Every structure is written in structure tokens, then in C-alpha cells.
Amino acid sequence: MTTEATYAASGGIAAITLNRPEKLNAFTEGMFLALRRGLDAAEQDDTVRVLIITGAGRAFSAGQDLTEELPRGADGKLDLGMRLERDFNPLARRLWSYPKITIAAVNGPAAGAAANLAMSCDIVLAAKSAYFQQAFVNIGLVPDAGGTWLLPRIIGSKLALALSLTGERLPADEAKDMGLVFKVFEDTGFLESVNAFAAKFAHGPAVAYRLIKQAFRHSMDNDFEAQLKLEASLQNQAAATQDFIEARAAFKAKRPPAFTGS
Ligand code: LHQ
């Protein structure tokens with residue numbers, strides 16, 4: 001892994017830290033490479049139940065590095081679509097369908113594509129001083145990395161459009177009130193608070209986690225009838241796990257279950 005994002009895992013919790021603090025962790029090609037490697041490592045490690053993505057220093061990330069050379073098409077014109085298709089969109093898709101729990105630990109500003117990639121994570125935790133900014137309009141661009149699909153579904157279309165047209169900063173507490181952020185923690189000891197929160201997943205029922213995520217992904221598009229059928233099918237898969245057998249035995253014995261993730 002390049003040092004533009006670092007990876008560490010222990011005790012069932014993995015963490016990828018975006019690591020260009022002097023440039024507010026703006027995304028570069030090297031950072032995407034490191035992110036892909038971190039996502040691979042966490043996915044392949046059977047002991048990992050939950051992946052935290054956070055930023056080094058005072059920011060989560062300022063989005064695309066605006067000073068980086070951007071690709072051009074054969075006609076010489078900037079081809080930002082190519083950049084999105086190559087780096088941002090595969091990352092957004094991967095986070096959206098990642099088989100383990102993902103937590104965006106937004107420690108400071110999350111601007112542009114970084115705000116939208118944070119939203120692709122399952123749970124968003126934020127430090128009190130953090131903010132989210134659909135900064136695209138300030139540089140004459142449109143929200144990308146899935147933002148125009150995710151944001152209206154999370155906070156409603158009028159708020160999502162207003163935030164995108166104004167480029168206003170959305171403070172953590174307001175983001176929580178809108179349903180984008182699950183919990184806001186104090187700046188001091190933010191990562192410790194995030195780790196304590198993540199610890200509840202560290203030894204949990206991994207198959208159920210994956211299936212729960214699948215159910216909610218499909219509910220974005222399914223009608224009620226299709227979702228009922230999907231729930232029945234997913235429940236059969238969950239019921240076939242050792243963890244369900246163990247949980248029933250633990251319930252009868254009035255003791256906590258010891259999940260193995262299988
Ligand atoms: C930066 C950046 C940055 C480089 C701060 N790049 N250096 C996808 C596909 C292809 C192309 C286009 O885009 C996309 C998706 C996108 O993400 S577009 C949106 C890109 N992001 C932005 O427009 C946000 C730009 N940054 C800002 O507006 C501010 O930096 C925010 C509001 C995030 C934070 O403001 P401050 O706290 O006042 O910090 P600062 O502006 O002083 O930044 C600190 C340093 O970080 C500074 O460097 P310097 O060497 O002068 O100390 C900035 O130049 C650098 N930096 N963002 N995106």
C-alpha cells in the first residue's frame with residue numbers, strides 16, 4: 001500500500017486512513033490504489049467484521065485533488081467522466097456492495113466526492129466540528145460519486161438539491177438531524193469513540209451483517225412484494241448459519257451467544 005492511505009487491522013476491526021493531511025487528504029491516483037488494496041485486505045481477512053474509513057489530520061477528505069493532472073480525451077478536452085469511471089465510480093460501487101460493515105468516521109471536512117463516498121458507507125459517524133460539503137458547484141461542477149442518487153434518498157430531494165446548488169457546509173449536528181449521520185462524537189478522543197462503537201461488531205454474526213446489508217440495498221429499488229420475497233430468501237440463508245444455532249442455544253441457556261461468523 002502506498003502511504004497515501006494506510007491500512008491496519010486488529011481484533012476484528014480494520015481501518016483505512018486517508019493520509020495526505022497537508023492537502024486535506026484530497027484524492028490522487030496513488031490514494032485510490034492504496035484504498036483498493038486496503039479494501040482487498042479487509043475483504044480477504046476472515047477475522048475482519050467491520051472496516052472504518054477515516055482521514056489523517058484535521059480533515060476527512062477535500063475530494064478530488066484539484067491540482068492533479070486530469071485525463072483528456074483524444075480531442076484534447078478534459079475527460080472527467082473517464083476519471084470517474086476509472087476511480088471514483090468503482091470505489092462508490094464497491095463501498096455500496098461491500099460484504100462487511102463499513103463506517104465512515106468523518107473527523108473533519110468531507111468535501112466534494114469525499115462527502116459522497118462517506119455516504120456510500122453503511123454508517124456515518126462524525127466529529128462535532130466535521131462538516132459535509134457538496135463543494136462541486138463552487139468550482140462549476142456537478143455532484144458525482146453517487147451523490148445525486150444517495151443524498152436525495154437519505155435526506156430528501158429538496159434538501160439534497162439545495163445543498164448541491166448552494167455548496168453550503170452542512171455541520172455534523174445538522175447532518176445527524178437530517179439522518180445522514182448516525183452519531184456525533186466530541187472532537188477530543190474521536191477515534192477512540194469510533195473504535196469503541198465499532199467494537200460491538202468485532203465478534204458479531206458476519207453472515208447476518210452481509211445479508212442485512214443486501215436487504216437494505218435492494219429495498220432502494222424493490223416494491224413491497226419483491227422485498228417481502230427477498231427477506232424470506234435472506235432469512236433462510238441466515239437461519240442456515242452456525243451463528244443462528246448458537247444464538248438459539250444461548251437464548252435457551254440464558255447466556256450471551258458466542259458468534260463465530262459462520
Ligand atoms: C486541496 C484540496 C483539493 C488539492 C484543499 N485538492 N488541494 C471527480 C472527478 C474528476 C475531477 C473533478 O472532481 C471530482 C470530484 C470532486 O471531488 S470535485 C470537488 C473537489 N473538492 C473541492 O472543490 C474542495 C476544495 N477545497 C476546499 O474548498 C477547502 O479546502 C475546504 C472547504 C475543503 C477546507 O477549507 P480550509 O479548511 O480553509 O482549508 P484550505 O482550503 O486552506 O486547504 C488546506 C490545504 O489543502 C491547502 O493547501 P496549501 O498548500 O495552500 O496549504 C489547499 O490548497 C489544500 N487542498 N482541498 N481538493
Side-chain angles (χ1 to χ4, degrees), residues 2-6 16-36 39 53-96 104-121 124 126-152 154 160-175 180-181 184 187-188 190:
T2 71
T3 55
E4 293 187 29
T6 60
I16 295 176
T17 304
L18 309 174
N19 191 34
R20 298 182 70 222
E22 69 293 348
K23 295 295 171 192
L24 305 190
N25 304 317
F27 291 112
T28 57
E29 273 190 67
M31 190 182 282
F32 276 104
L33 182 65
L35 263 163
R36 282 194 287 273
L39 288 163
I53 301 179
T54 193
R58 71 177 176 91
F60 178 73
S61 166
Q64 166 65 32
D65 186 316
L66 294 171
T67 65
E68 194 180 42
E69 192 68 36
L70 292 167
R72 288 181 186 276
D75 57 3
K77 288 187 184 155
L78 277 178
D79 191 347
L80 299 192
M82 187 207 282
R83 188 70 211 282
L84 289 171
E85 282 301 347
R86 195 192 63 195
D87 292 319
F88 287 91
N89 293 354
L91 178 59
R93 284 187 196 102
R94 190 161 184 196
L95 288 173
W96 183 240
V106 181
N107 52 306
N116 297 340
L117 291 169
M119 281 192 284
S120 297
C121 291
V124 184
K128 204 151 183 67
S129 68
Y131 62 85
F132 300 80
Q133 189 177 20
Q134 297 295 318
F136 308 87
V137 69
N138 299 337
I139 53 169
L141 291 181
V142 297
D144 58 23
T148 60
W149 194 87
L150 284 166
L151 197 56
I154 298 169
L161 180 57
L163 287 173
S164 301
L165 289 173
T166 60
E168 272 185 24
R169 298 177 182 186
L170 176 66
D173 281 323
E174 286 180 41
L180 170 58
V181 165
V184 176
D187 290 356
T188 307
F190 176 64

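Remember, it's a predicted structure, so these values are computed and weren't measured experimentally. Ligands are counted one by one from 1 in listed order, and the atoms in each one are counted from 1 as well.
Every residue meeting the side chain to side chain donor-acceptor pair (under 3.5 Å) condition with Arg83, not counting sequence neighbours, appears here in chain and number order: Gln64, Glu68, Asp87.
Compare Ala62, Gly112, Ala111 by their heavy atoms: the one nearest to atom 22 (C) of ligand 1 is in Ala62. Relative to atom 42 (O) of ligand 1, the option among Arg58, Gln133, Arg169 with the closest non-hydrogen atom is Arg58. For atom 32 (C) of ligand 1, the nearest non-hydrogen atom from the set Phe136, Tyr131, Phe60 belongs to Tyr131. Residue Asp65 holds the heavy atom nearest to atom 4 (C) of ligand 1 of all those in Asp79, Asn25, Asp65, Thr28.
On a distance-only criterion, Leu66 and ligand 1 share at least one N/O pair closer than 3.5 Å. Note: an N/O pair closer than 3.5 Å links Ala113 and ligand 1 by distance alone. Taking any N or O of Asp144, backbone or side chain, none lies under 3.5 Å from an N or O belonging to ligand 1. For ligand 1, the polar-atom distance check against Thr67 finds no nitrogen or oxygen pair separated by under 3.5 Å. The shortest N or O to N or O distance between Lys23 and ligand 1 is under 3.5 Å.
The nearest protein atom to atom 58 (N) of ligand 1, hydrogens excluded, is given as Gln64 O, 2.8 Å; this is a heavy-atom distance.
Between Arg36 and Glu4 no salt bridge is recorded (no basic side-chain N to carboxylate O distance below 4.0 Å).
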